[in-house]
Amino acid sequence: MRIGVVIDASCDLPRSYLEEHGIHVLPNLLSLGGKRVLDDRDPDKTMQIYRRYLTDRELPCSSAPWASEDMAQLFLEQVVPRYDRVLVIAPDAARSDVFQQATEASYAILQTYRERREKAGRSGTFALRVLDSGSLGAGHGLLAWRASSLARAGGMPFEKYRAALSADAARTRCLIVPGDLYYLRTRGLGRPGEGLGTGAYALGKMAGLQPVLEVTGKDLAVVARGRGFQAAASAALDMARQALRAGIGPPAVVLSFGGDPRILRDLPAYQDLEAQAASQRVELHLAVMSATLGTRLGPGALSLAWIESED
């Protein structure tokens, strides 16, 4: 039984990792000042979007998932002929419509997938399921990393595989540090009315205190603050390093940065995390933050995630 993994473009894993492990990407549609652009996790294109569009606060920017009809076509062309079971990992369904659109697409292929499989010479049953990661950015990426790792290991029935990933999603800690509070204040993370509160925004502007936010299901909480982005990012990175020292679940930490990742790599706190990860043989994956999430957080934002231990 071959298991395939599908994500959408807001999943923050490096493009090289996606290509190496055959993870399929559903693009997102961006509206940037009235111009429509496809976000498909191409790092060079993403950097161009950051430089050309996302640095302009006043430019209207928004994102939307692919239509279910387009998703269905991708499923039929790319995954139905190649796999027996497919898991689509969607960003938090409370903040994105990807889960709903992918679910509709899974129903749309029910009447036609058998013919595609027969033409490809594949026999046996086929199933496609959609999983709500309950997270964003690096948290979404971390669950995709876990899904790919388990699929390659094999030997697990598909429903048990899906249940294991649901349990991992519930233990995922995802931290976000906005680069510019204005974007989070005005655009939020996708839930109606969700943005940075008036008090937190005023504190950030007046005292220069940047929040470290944790995305947990439907909640968005301030878990630390730092004077300026570098201090806040260092606080988040130190939280991840302390989690490694205490013991995490699956051995990986995923990070993304809204711009050139070298800026993040130059932080001493990142280098400390990198050294800690190497000493414990924990994988560290750093990607350019998706343009989809960048439309909400603006340039210079950080997201990072790990899965807590079951103990």
Side-chain angles (χ1 to χ4, degrees), residues 12-14 43 46-47 49-51 53-57 135-139 141-142 173-189 195-216 220-246 248 252-279 282-291 293-306:
D12 283 339
L13 273 177
T46 302
M47 286 299 299
I49 291 172
Y50 272 105
R51 287 191 292 264
Y53 298 103
L54 300 186
T55 55
D56 185 352
R57 285 181 168 190
S135 195
L136 300 167
L142 181 59
R173 294 200 64 186
C174 179
L175 305 181
I176 289 177
V177 180
D180 185 336
L181 297 180
Y182 173 85
Y183 292 87
L184 189 58
R185 170 65 174 161
T186 57
R187 298 177 185 174
L189 282 175
L196 196 64
T198 302
Y201 181 71
L203 188 62
K205 297 300 290 182
M206 293 174 59
L209 291 177
Q210 200 85 335
V212 178
L213 305 166
E214 181 167 7
V215 179
T216 307
L220 185 65
V222 177
V223 294
R225 296 184 192 275
R227 195 169 295 279
F229 173 80
Q230 182 169 332
S234 296
L237 293 163
D238 285 342
M239 290 173 67
R241 182 168 57 86
Q242 291 166 14
L244 290 188
R245 294 179 64 181
I248 62 172
V253 176
V254 173
L255 308 94
S256 66
F257 181 72
D260 189 338
R262 289 177 295 183
I263 295 173
L264 193 63
R265 289 194 179 102
D266 287 341
L267 294 182
Y270 178 86
Q271 295 164 12
D272 290 342
L273 174 61
E274 191 173 41
Q276 186 72 43
S279 71
V282 171
E283 295 182 32
L284 210 61
H285 296 284
L286 172 59
V288 177
M289 182 178 289
S290 71
L293 191 54
T295 61
R296 301 175 182 179
L297 291 175
L302 163 70
S303 75
L304 71 149
W306 67 92

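Taken from OG in S135 to CD1 in I176, the straight-line distance is 7.5 Å, to the nearest 0.5 Å. Rounded to the nearest 0.5 Å, atoms OH (Y183) and CG (L54) are 7.0 Å apart. The distance from atom CD of Q210 to atom OG of S234, rounded to the nearest 0.5 Å, is 12.0 Å. Taken from CZ in R241 to CG in D238, the straight-line distance is 5.0 Å, to the nearest 0.5 Å. Considering CG of L304 and NE2 of H285, their distance stands at 14.0 Å, rounded to 0.5 Å.
Shown here for P211 and P178, the closest heavy-atom pair between the two residues is O-CD, 3.5 Å. Scanning both residues, S256 and V288, for their nearest heavy atoms gives CB-C, 4.4 Å. Closest approach of L297 and A301 over heavy atoms only: CB-CB, 3.8 Å. In terms of heavy-atom proximity, L286 sits nearest to P261 at CD2-CB, 3.7 Å. Residues L13 and A287 share a closest heavy-atom pair of C-CB, 3.6 Å. Between C174 and L136, the shortest heavy-atom distance links the atoms SG-O, 3.4 Å.
Put simply, the side chain of T46 never gets that close to the backbone of A291: no donor and acceptor are under 3.5 Å apart. Between the side chain of D12 and the backbone N or O of L255, no donor-acceptor pair lies under 3.5 Å. Between the side chain of Y270 and the main chain of A233, no donor-acceptor pair closer than 3.5 Å is present.
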(request) Apply side-chain contact (heavy atoms from CB on, under 4.5 Å) to L213 and V222, showing your working. (result) CA-CA 5 Å; L213 305 166; V222 177; 3.5 Å; yes
(request) Let me see the working for F257 and V177 under side-chain contact (heavy atoms from CB on, under 4.5 Å), right down to the final yes or no. (result) CA-CA 10 Å; F257 181 72; V177 180; over 6 Å; no
(request) Evaluate the criterion side-chain contact (heavy atoms from CB on, under 4.5 Å) for residue pair I49 and T295; output intermediate values, then yes/no. (result) CA-CA 10 Å; I49 291 172; T295 61; over 6 Å; no
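Within the structure, salt bridge (Lys or Arg N to Asp or Glu O under 4.0 Å) contacts touching residues 261-270 (residues at least two apart or in different chains) are D260-R262.
Considering L284, L237, V253 in turn, L284 is the only one that fulfils the side-chain contact (heavy atoms from CB on, under 4.5 Å) rule with E274.
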